[in-house]
There are 2 protein chains.
Amino acid sequence: MQFYKKSETNRLNCPIQLTNQILGDKWVLLILRELFLGNTKFDEFEKNLAISKSVLTVKLNLLVQHGLIIKTDYKEEKKRTRSEYQLSKKGSELIFMMGAILDWGNTNLVSKEETYLKIIDKTGAPVKLVFVNQNNKILSLNDLSFELS
Amino acid sequence: MQFYKKSETNRLNCPIQLTNQILGDKWVLLILRELFLGNTKFDEFEKNLAISKSVLTVKLNLLVQHGLIIKTDYKEEKKRTRSEYQLSKKGSELIFMMGAILDWGNTNLVSKEETYLKIIDKTGAPVKLVFVNQNNKILSLNDLSFELS
DNA sequence: CAGGATCCACAGCGATACTG
DNA sequence: CAGTATCGCTGTGGATCCTG
């Protein structure tokens, strides 16, 4: 694999840094996991993650502010109004990152003897991520390099 | 004492959680960026990231412990021995995650008027990530679902 | 140059109690 | 149920000084 080398990376406008400012903490990625698993309600997050209410509130508000999730109120018959949180388009586009983490984590960290999480297609077969060029031709890692432009 | 409930998501063996325990902080992802950009030396990280020495030491050791980077000593003529850090195979496989974050960050957070970071192929054209099945057929996002198995 | 050792400030988080 | 409010602890990170 080739690497681009330059002494002056653009730090402030860097997509890694900006993304890390949103996702780089103890909880946000795990909340996103719950959202991708289809959970939408406050108490589902609270129960599944064993997170404190106050922190959960803060993180959900943060995700709303950044436009990754959308909060809506709904009401079932004879019940009080409740809130639910759903991934926005922007948020759901993180599925590529989630898929990459799933692949890497399953390969390198997870015990395959136990139950584990993965992404499958409609036939139930596991999928994988690949880099492609403009013509959808699959690229080898040796073809890739980082660049500032 | 808390008990793990098998009927729910496998939290303890979850690839997202396990990966997040390594990457989910303020600095690790940015150090990985520097490594993917080809930087290898302590003072390069220190200068590029504006991170304090003590924290940088801790984070580098952590990455070594987790097997994401390899520390080696080397010595140039007439100079003292120095250390360098390079991505291991395990670490460099995170390029899919880095690529996904680059794509997402560039689309959603980065000002394209300024310089920004991306991944290109040998012709200099930008690449993208796609999900494929076992036969390398590109999948639509509608075909995907998360599953425990 | 590559850390170690200290010290300190503060943000993050959990626990608990309270509210509409 | 979905938060607020408050409290206190701990861990993270920055700053400074020291070492081979």
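Predicted model, so just to flag it, every value in this text is computed and none were measured. Just so it is clear: chains get the letters A, B, ... in the order the sequence lines come, proteins before strands, and each one is counted from 1.
Nearest nucleotide to the side chain of B:D43, out of C:dC1, D:dG13, D:dG3: C:dC1. Of the candidates D:dG14, C:dG14, D:dG3, D:dG14 carries the atom nearest the B:I51 side chain, counting heavy atoms from C-beta on. Listed candidates were C:dT6, C:dC13, D:dT4. Nearest to the side chain of B:S54 is C:dT6.
Contact annotation: B:K53 side-chain N/O to D:dT19 OP1/OP2 distance is not under 4.0 Å. The side chain of B:R82 places no N or O atom within less than 4.0 Å of a non-bridging phosphate oxygen (OP1 or OP2) of C:dC1. At the phosphate of C:dC1, neither OP1 nor OP2 sits under 4.0 Å from any side-chain N or O atom of B:K47.
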Check the pair A:F96 / B:F96 against ring-ring contact (aromatic ring centres under 6.0 Å, His included), numbers first and verdict last.
-> CA-CA 9 Å; A:F96 293 98; B:F96 293 98; over 10 Å; no

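Nucleic acid contact class of A:Y85 (heavy atoms, under 4.0 Å, all strands): sugar-phosphate only. Across all strands shown, B:S52 has heavy atoms under 4.0 Å from base atoms, whether or not it also approaches the sugar-phosphate. When heavy atoms are screened at a 4.0 angstrom cut-off, B:T81 is found touching no nucleic acid atom at all.
Rounded to whole Å, atom P of C:dA11 lies 16 Å from atom CD of A:Q21. Atom NZ in A:K59 sits roughly 7 Å away from atom C1' in C:dG12 (whole-Å rounding). A straight line from CH2 of A:W27 to C1' of C:dA11 spans 16 Å, rounded to a whole angstrom. Taking atom CG of A:L56 as the reference point, atom P of D:dG3 lies 8 Å away to the nearest angstrom. B:E46 has its CD atom 11 Å from the P atom of D:dG14, to the nearest Å. Atom CD in A:E84 sits about 12 Å away from atom P in D:dG3, given to the nearest Å. Rounded to a whole Å, the NZ atom of A:K26 is 13 Å from the P atom of D:dT10. Atom P of nucleotide C:dC1 and atom CG of B:L60 are separated by 16 Å, given to the nearest angstrom.
The CG atom of A:L23 sits 11.0 Å away from atom CG of A:L30, with the distance rounded to the nearest 0.5 Å.
In this structure, A:D143 contributes its side chain and A:S140 its backbone to a donor-acceptor pair below 3.5 Å. Under a 3.5 Å cut-off, the side chain of A:S92 and the backbone N or O of A:L87 do not form any donor-acceptor pair.
Both B:L109 and A:M97 sit in one connected hydrophobic cluster of ILVMFWY residues. Membership requires side-chain heavy atoms under 4.5 Å apart, directly or through other members.
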